[in-house]
2 protein chains.
Amino acid sequence: MSDTPGNREPAAAAAPAHRPTLAKVAELAGVSVSTASLAFSGAGPITPETRARVLDAAKELGYTGPNPLGRQLRSGRSGVVGVVVGDQLRRAFRDPVAVQVLDGLVSTLGENGLGVLLIPGIPSDDPARAVDPLVESAAMDVAVLVWGVGSDDATLAALQRRGVPVVIGEGRAVEGTPLVAIRDRAGTADVVRHLVDLGHTRVAEVSLPLDNSDRSGPIDAQRLAQVDRTPTANRLAGVRDVVEPVASWETEASLVEHGRSATLALLGSTAADGTTEAADPATRPTAVIAHSDLLAAGALLAARELGLRVPDDVSVAGFDGLDLPWLAPDVLTSVHQPLARKGSELGLAVIRQLAGETPTTVELDVELVVGTTTGPAPTT
Amino acid sequence: MSDTPGNREPAAAAAPAHRPTLAKVAELAGVSVSTASLAFSGAGPITPETRARVLDAAKELGYTGPNPLGRQLRSGRSGVVGVVVGDQLRRAFRDPVAVQVLDGLVSTLGENGLGVLLIPGIPSDDPARAVDPLVESAAMDVAVLVWGVGSDDATLAALQRRGVPVVIGEGRAVEGTPLVAIRDRAGTADVVRHLVDLGHTRVAEVSLPLDNSDRSGPIDAQRLAQVDRTPTANRLAGVRDVVEPVASWETEASLVEHGRSATLALLGSTAADGTTEAADPATRPTAVIAHSDLLAAGALLAARELGLRVPDDVSVAGFDGLDLPWLAPDVLTSVHQPLARKGSELGLAVIRQLAGETPTTVELDVELVVGTTTGPAPTT
DNA sequence: CCGTCGGATCGAATCGATTCGAGGAGGTGC
DNA sequence: GCACCTCCTCGAATCGATTCGATCCGACGG
């Protein structure tokens with residue numbers, strides 16, 4: 001076998017495990033490579049005996065099935081779907097919303113034999129890292145941009161340049177790519193209408209990030225015009241479809257602590273000694289609408305801290321429909337969105353894309369679920 | 001070019017985008033394929049003009065670089081690291097501990113041009129799903145079992161059968177595979193010693209799951225013998241190195257709500273009307289040691305619910321060192337472990353494994369950080 | 001003026017499997 | 001008994017790139 005002088009074994013000292021190939025198995029079984037391939041793939045006719053002989057030979061050699069790399073090259077498919085997450089995983093995954101969507105996506109793709117490759121997105125504000133090796137050259141059949149695309153998305157551009165088909169979740173529609181979205185705007189309007197129906201007129205808003213600038217603070221008209229994330233834009237619009245909020249506060253991420261600090265700013269006033277206490281009940285907002293449940297949870301904690309009773313002194317509502325048992329005994333009033341379903345739909349869109357079907361837009365329904373955190377506006 | 005009659009174009013109607021190959025580029029540039037390859041890879045000598053000519057030709061054809069599949073087959077490397085997560089992502093990623101480790105892992109691997117493929121593990125209690133397509137046949141250079149391996153791990157077995165090198169985090173050491181662990185046992189002993197030093201003698205324990213049976217309830221000696229997860233075993237042992245807990249409660253997952261219910265059971269007693277109130281201060285545990293911060297957070301909430309002051313009536317300590325700002329104003333006493341570092345070390349172990357180095361075991365240090373939730377045992 | 005040396009380019013083998021058309025053996029029908 | 005048909009197996013091309021050794025060229029030294 002090693003009759004060739006000058007073998008191509010450069011320095012592989014402790015690597016005796018040159019895995020056997022299909023050819024070796026075929027040789028041992030006394031059949032051709034093509035027949036051996038048939039034995040494994042099951043495509044095409046083959047006698048049970050021949051098949052058994054091949055399988056026996058495989059077992060004897062310790063061959064555990066066709067090398068995926070060879071198969072992939074031949075078929076032109078890698079079986080891998082790239083999922084673009086934020087540049088920091090820890091950030092993207094701290095939000096249960098993201099995790100649940102991803103869970104649905106991974107399950108659906110897994111059922112179809114597709115794997116998920118985590119791709120750190122290219123931060124649009126960092127041109128130095130404009131070439132991410134994974135985005136630029138990882139093998140993937142489709143890429144999923146789960147959390148939308150900005151107006152000037154470097155990752156999207158790179159993928160399109162490479163010719164990788166793209167599926168987008170929750171965001172701006174892009175020519176020729178499937179989109180899976182939810183009815184943010186209508187859902188947000190629903191919950192705000194619920195508040196208005198309860199008599200609330202001074203509604204404060206805790207907003208999702210408007211872009212990826214990590215800013216936080218009050219949103220004025222000028223800032224409002226700069227919004228560059230579709231979900232945020234939709235929810236801002238949904239609120240304003242019903243009422244003009246008396247105050248609106250931008251947060252840097254959908255996390256409990258940011259909801260808390262935003263709400264302290266909206267409902268509290270800083271005393272001379274630096275401590276924060278509840279603001280004047282006559283002017284203070286009577287309801288807080290948060291763009292997410294995590295922010296709403298923070299709002300709830302802030303209200304408790306300020307000594308405000310929920311919902312007697314202030315009503316709090318969120319968006320997402322997360323299960324937050326540690327808020328007990330309170331149950332958030334929230335707009336429930338089908339998170340796992342959103343992931344599944346993304347997965348199905350990927351599969352349709354691979355099948356060559358023409359891209360479609362899917363829009364999922366949401367549902368207002370009233371909990372214990374909203375009630376009639378205080379009469380004072 | 002298409003002088004061959006009977007082209008191999010079966011039914012690719014709307015797919016004109018047969019991506020150009022290196023051969024086509026070489027042809028247009030008037031050079032050989034090998035030279036064109038050199039122009040892209042940069043390996044080997046090449047005149048700047050030739051290189052430019054190739055690159056121009058590539059641009060003209062819309063060729064965006066070598067097809068990863070071809071390169072992978074040739075090199076025998078896929079550049080992909082499989083990371084085995086629980087069968088349900090949503091479950092694995094609800095724990096910030098997991099997410100932070102994964103974040104460190106993804107960063108480190110990303111810096112080395114390696115991608116992370118999410119692999120749902122094979123549930124050991126479900127023989128029907130004993131063949132996961134991804135575990136069985138996805139292309140990966142190394143697999144990482146981040147959360148340890150059980151005594152009879154189907155996923156590990158499948159990977160070993162395939163000959164995929166494995167790296168293990170936090171668990172039982174396996175012959176010939178690198179391991180990255182932390183000093184659970186010593187760290188746990190440290191925090192328990194801290195409690196004992198404060199005068200606590202009646203210490204209750206809220207334990208991580210002992211196996212993947214989803215059981216919850218008190219742990220007796222018999223159950224204690226069945227533990228099949230190394231981190232849990234280590235922490236149980238660490239506690240017992242210092243004190244014998246007056247009560248120990250198994251949870252089904254490291255989540256706030258389970259910590260809460262366990263603690264209600266440990267510190268409360270159910271009244272005749274079905275409500276739970278604090279048990280007799282004379283016999284009630286004065287300290288709760290939880291195996292994780294999420295469980296400890298639940299314990300804290302439960303204590304508050306029972307009307308117990310922390311740390312005056314009861315001390316609470318955890319493990320992990322998570323940042324839990326929504327527990328404010330409390331700050332958990334906890335054993336901090338370097339989570340991102342653990343991920344990085346796993347990544348480095350992967351890289352060493354790929355470089356053919358011999359597997360080593362890395363054990364990371366932990367540090368007790370005293371917060372506001374532990375204090376002297378009540379004198380009554 | 002010729003031999004030699006070094007750098008750039010090319011040819012061909014190789015990675016490991018899939019697939020299609022051809023060929024061969026065995027069985028059936030007339 | 002012959003022709004035909006079916007079913008299985010085989011050979012060879014192919015997927016797209018990398019890489020090694022060979023070749024070819026110009027330049028330089030003797």
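Order of the sequence lines fixes the chain letters, A, B, ..., with proteins taken first and strands second; residue numbering starts at 1 for each chain.
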**Request:** Give the rounded distance in Å between these two atoms: CD of B:E49 and P of C:dT9.
**Result:**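 After rounding, the gap between these two atoms is 8 Å.
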**Request:** Round to the nearest Å and state the distance from B:F40 atom CZ to D:dG16 atom P.
**Result:**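 About 15 Å, once rounded to whole Å.
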Protein-nucleic acid N or O pairs under 3.5 Å, nucleotides 8-10 of chain D:
| unit_1 | atom_1 | unit_2 | atom_2 | d |
| --- | --- | --- | --- | --- |
| D:dC8 | O3' | A:T47 | OG1 | 2.7 |
| D:dT9 | OP1 | A:T47 | OG1 | 2.6 |
| D:dT9 | OP1 | A:T50 | OG1 | 2.1 |
| D:dT9 | OP2 | A:T47 | N | 3.1 |
| D:dT9 | OP2 | A:T47 | OG1 | 3.2 |
| D:dC10 | OP2 | A:S32 | N | 3.0 |
| D:dC10 | OP2 | A:S32 | OG | 3.4 |
| D:dC10 | OP2 | A:T35 | OG1 | 2.6 |

OP1 or OP2 of [N] less than 4.0 angstrom from a side-chain nitrogen or oxygen of [X], does that happen here?
X     : N      : result
A:R71 : C:dT18 : yes
B:Y63 : D:dA17 : yes
B:S37 : D:dT18 : yes

**Message:** What's the angle between the local helix axes at either end of the helix from C:dC1-D:dG30 to C:dC30-D:dG1, using five pairs per end and rounding to 10 degrees?
**Reply:**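 Result, rounded to 10 degrees: 50°.
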**Request:** Answer yes or no: is there an ion pair linking A:R341 with A:E345, defined by an N-O contact shorter than 4.0 Å?
**Result:**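 Salt bridge between A:R341 and A:E345, a charged N being under 4.0 Å from a carboxylate O: yes.
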**Message:** By the 4.0 Å heavy-atom rule, please label A:T21 as base, sugar-phosphate, or nothing.
**Reply:**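 It contacts sugar-phosphate atoms only.
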**Shortest non-hydrogen contact from B:L117 toward B:A138** =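 Closest approach of B:L117 to B:A138, heavy atoms only: CD2-CB, 3.9 Å.
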Scan the side chains in residues 60-74 of chain B for donor-acceptor partners under 3.5 Å anywhere in the protein, sequence neighbours excluded, and list what turns up.
| unit_1 | atom_1 | unit_2 | atom_2 | d |
| --- | --- | --- | --- | --- |
| B:Y63 | OH | B:G65 | O | 3.4 |
| B:N67 | OD1 | B:L69 | N | 2.7 |
| B:Q72 | NE2 | B:S78 | O | 3.4 |

**Prompt:** How do B:A43 and B:G70 order along DNA chain D: which one's closest nucleotide is nearer the 5' end?
**Reply:**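 The residue whose closest nucleotide sits nearer the 5' end is B:G70.
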